[in-house]
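One structure is given here, and the rest of the page talks about it.
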Amino acid sequence: MRRRNSLYIFTIPALFVLALFFIHPVLLTLDMSFTSYKGIGEAKDVGWRNYDRIFTRERYYSEIWLTLWYTVIVVTALTILGLFFAAMLHRLPLIRNFARAALYTPAMMSFVVVGYVWQFLYSPLNGGINVALRDLGLGALEQNWLGDPALAIYSVAFTQIWMFTGFTCAIFLAGFAGIPEEINEAGRLEGANSWQRFRYLELPLLGPAITVSVTLTTIGTLRTFELPFILTKGGPDGATRLLSIEIIDNLFGQYKFGFASALSIIMLIIVLTVAFVQNKILRDREDVS
């Protein structure tokens, strides 16, 4: 009994930090979302007007849908690519450490640096991508990567995928390291080839790693702001205006603190809902596997 009470006592500092830096700001944001606060002066209570504005205007539905679609693209690609590279490196121990470090390096870079580098690469005039295509005799494939509304969201998504593939790869490599070698050895003795061992032996045992990777990348992508803002500032024609950009624009661009708070609460609900449902599905899949 005493040992259990001691464990509870040790959680007090963590609970205090959680309450101070998460729960308290969320409650303040929720309270502010029912006002027309401009950043100075007295906050005027407006009831549900901010939320009514969000749910009665098509543009906010479009931004929420765009944010979810962007997340699906990025998380799907990161999971597949991270799993692919991890499976390859798991079978190539001689280059594993070097390749892992090379893949993980972009994830350690600043969003600002990555954004401006890729902004240059995507430039329609003398950008690195179009110049490379031209030199390879593929000039017909040149595009205005960030200026075309049909391509812009995918260009931004590709940049984030490039940046964080090494992150997901590292998670999956940790998952591979936890698989007993005896399982693979038994598969070899049964005559299973590399693909069959991966599909029927390794992949089911990577369930916890998949859950961690998908959950972290989903939460991170849903609240992405830096790369879309640096690369396109939400353009062209709103093609990359994610919910996070709308929040920052209302907060620091138009000083609509109350409305920005309402948008933030909506984003928080979306993130928590998606993370909960996703985690539940993935956990159930682990139990079945």
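Since the structure is predicted, the reported quantities are computational estimates derived from the model, not experimental observations.
Looking at heavy atoms from C-beta onward, Ile210 lies in side-chain contact with Phe172 at the 4.5 angstrom threshold. When side chains are defined from C-beta on, Phe225 does not count as touching Leu242, because their heavy atoms never get closer than 4.5 Å. With a 4.5 Å cut-off on side-chain heavy atoms, Met163 and Phe111 count as touching. Thr218 is not listed as a side-chain neighbour of Val271, based on a closest heavy-atom distance of 4.5 Å or more. Annotation: side chain of Arg283 is in contact with side chain of Thr211 (closest heavy-atom distance under 4.5 Å).
Using a distance-only test at 3.5 Å, with no hydrogens or angles considered, a donor-acceptor pair links the side chain of Ser155 to the main chain of Trp145. Of the possible polar contacts, one joining the Thr224 side chain to the Gly220 backbone as a donor-acceptor pair under 3.5 Å is found. Of the possible polar contacts, one joining the Ser62 side chain to the Glu58 backbone as a donor-acceptor pair under 3.5 Å is found. Remark: the backbone N or O of Phe259 is not paired with any side-chain donor or acceptor of Asn250 at under 3.5 angstrom.
Applying the ring pair (Phe, Tyr, Trp, His ring centres under 6.0 Å) test to every pair with at least one member in residues 189-221, sequence neighbours left out, gives these pairs: Trp195-Phe198.
Side-chain contact of Gln254 with Asp249: a donor-acceptor pair under 3.5 Å is present, judged by distance alone.
Residue Arg100 qualifies as enclosed at atom CZ: its count of foreign heavy atoms under 6.0 Å is above 12. Dense packing is recorded around CZ of Arg96, with more than 12 heavy atoms of other residues, nucleotides or ligands lying under 6.0 Å away.
Contacts of Thr232 classified as side-chain hydrogen bond (donor to acceptor under 3.5 Å, both in side chains), with partners at least two apart in sequence or in another chain: Thr240.
Checked against a 6.0 Å centroid threshold, the rings of Tyr255 and Tyr37 do not count as neighbours.
A cation-pi arrangement is absent between Arg53 and Tyr60 under the rule of less than 6.0 angstrom and at most 45 degrees off the ring axis.
The aromatic rings of Phe34 and Tyr51 sit tilted relative to each other, their planes meeting at an angle between 30° and 60°.
With respect to Gln160, the side-chain contact (heavy atoms from CB on, under 4.5 Å) criterion is satisfied by exactly one of Phe158, Trp162, Phe164: Phe164.
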